[in-house]
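Reading through the structure tokens given below for one structure.
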There are 2 protein chains.
Amino acid sequence: MNRVIEKYRASGLKLTPQRLAILKHLEGNKDHPSAEEIFRSVQKQFRTMSFATVYNTLELLVSRGDLAELSIDAAKKRFDPDSRPHHHLICKRCSSIVDIFQDFDIELPKTLKSEFRVFGHHIEFYGLCPRCSGNQQAGNH
Amino acid sequence: MNRVIEKYRASGLKLTPQRLAILKHLEGNKDHPSAEEIFRSVQKQFRTMSFATVYNTLELLVSRGDLAELSIDAAKKRFDPDSRPHHHLICKRCSSIVDIFQDFDIELPKTLKSEFRVFGHHIEFYGLCPRCSGNQQAGNH
DNA sequence: TTTCTTGCAAAGATTTTGCAATTGC
DNA sequence: GCAATTGCAAAATCTTTGCAAGAAA
């Protein structure tokens, strides 16, 4: 995310401490956090932090392509700062998400390709994480 | 969905007219409707229809494996009555969803497979539908 | 009659928005 | 100082829930 900060500076956006804290929280984050998790974390540093700022910043990052918004979890949007193309594996019990860095050879039928303009694809694997598969009681995180 | 009705009857669930109307609306439906779309449609026949009944019925169907809940659309849950395994293609502009009935050969790395218990996978293709790719103005549906 | 289901209304959860006050540049 | 950003609070969505009344079997 450090290069994201440089990009910010270069395009005239303001580097407010709130934004920097959000960027810092996202940097290298493998938890695929929701907006609320990001809010709670950053609020520890900024007591006056608001959801508006979190959502504003997330929307900005997504629109600039520096953050991916995942729709893999039906309950809420989750965010992924890793910009490398990859897939995800979600635990159906605790909703934890892990990255899958493997390239699969996926080719759509030609008939469809001529109608739709397809940009890309994303594979969602689902199952039970090690913790949940051995524990019927395990809840969310 | 007719066989779903038989299954219902066989397991002692009540076949209320509201449920039958919801099942009828879902039968053969390729629109991947949201709960609200189902509600609006069925409400035309039952003026007193409530969201509770729609959500109750959808949850029941999902729990019995007769309906798939899609998390492909970040804005809301959408439902798919087609129980055959398949994938989806979503239009990033109007959020329309079309089915992809093609089987891709997807194999996870062994290391992951030994940790996670993986049940299955779902591929989300994204792009622009024919209508939206030729029309910058196109809105939702 | 018994049990399940409905409808209503309220509550919960997530996300968005308007706008005055503030702050980075 | 100007324009972008923040914080607050209210509102907009989507979904769930409690419970009394009603209906299927």
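So that the names make sense, note that chain A is the first sequence line, chain B the second, and so on, each numbered from 1.
- The distance between atom NZ of A/Lys76 and atom P of C/dG12, rounded to the nearest whole Å, is 17 Å.
- Toward the 5′ end of DNA chain C lies the nearest nucleotide of B/Gly12, the other residue of the pair B/Ser50 and B/Gly12 mapping further downstream.
- Ion pairing between B/Asp82 and B/Lys30 holds under the 4.0 Å rule for side-chain N and carboxylate O.
- Using a 4.0 Å cut-off between a side-chain N of Lys or Arg and a carboxylate O of Asp or Glu, B/Glu27 and B/Lys24 do not qualify as a salt bridge.
- Using a 4.0 Å cut-off, some side-chain N or O of A/Tyr55 falls inside it from OP1 or OP2 of C/dT15.
- Atom P of nucleotide D/dT13 and atom CZ of B/Phe51 are separated by 12 Å, given to the nearest angstrom.
- Atom NE2 in B/His87 sits 8.0 Å away from atom CD1 in A/Ile123 (nearest 0.5 Å).
- Two rings, from B/Phe51 and B/Phe39, have their centers less than 6.0 Å apart.
- Close to C/dG7, at under 4.0 Å from its OP1 or OP2, lies a side-chain N or O of B/Thr53.
- The phosphate of D/dA23 has neither OP1 nor OP2 within less than 4.0 Å of any side-chain N or O from B/Gln18.
- C/dT16 atom C1' lies 13 Å from atom CD of A/Glu69, rounded to whole Å.
- For B/His86 and B/His122, the ring centers sit 6.0 Å or farther from each other.
- Considering all non-hydrogen atoms of both residues, A/Phe116 and B/Leu128 come closest at CD2-O, 3.2 Å.
- In this model, a side-chain donor or acceptor of B/Lys14 finds a partner on the base of C/dT3 within 3.5 Å.
- Residue-to-nucleotide proximity on DNA chain D shows that, of B/Leu15 and B/Ala52, the 5′-proximal contact is made by B/Ala52.
- D/dA25 atom P lies 7 Å from atom CZ of B/Arg9, rounded to whole Å.
- A salt bridge is absent between A/Arg40 and A/Glu37; no separation between the charged side-chain nitrogens and carboxylate oxygens falls under 4.0 Å.
- At whole-Å resolution of the value, CG in B/Asn56 and P in D/dG22 are 18 Å apart.
- Taken over five-pair windows at either terminus, the axes of the helix from C/dT1-D/dA25 to C/dC25-D/dG1 are inclined to one another by 30° (rounded to 10 degrees).
- OP1 or OP2 of D/dG7 lies within a sub-4.0 Å distance of a side-chain N or O belonging to A/Thr48.
- Between the CZ atom of B/Phe39 and the P atom of C/dG7 there is a distance of 9 Å, given to the nearest Å.
- Phosphate proximity of D/dT13 to B/Lys77: absent, as no side-chain N or O sits under 4.0 Å from OP1 or OP2.
- At least one donor-acceptor pair closer than 3.5 Å links the side chain of B/Asp73 to the backbone N or O of B/Ala75.
- Between B/Leu20 atom CG and C/dT6 atom P the separation is 10 Å, expressed in whole Å.
- The residue among A/Arg19 and A/Arg47 whose nearest nucleotide of DNA chain D is located toward the 5' end is A/Arg19.
- Residue B/Thr16 places at least one side-chain N or O closer than 4.0 Å to OP1 or OP2 of C/dT6.
- A straight line from CZ of A/Phe46 to P of C/dT22 spans 17 Å, rounded to a whole angstrom.
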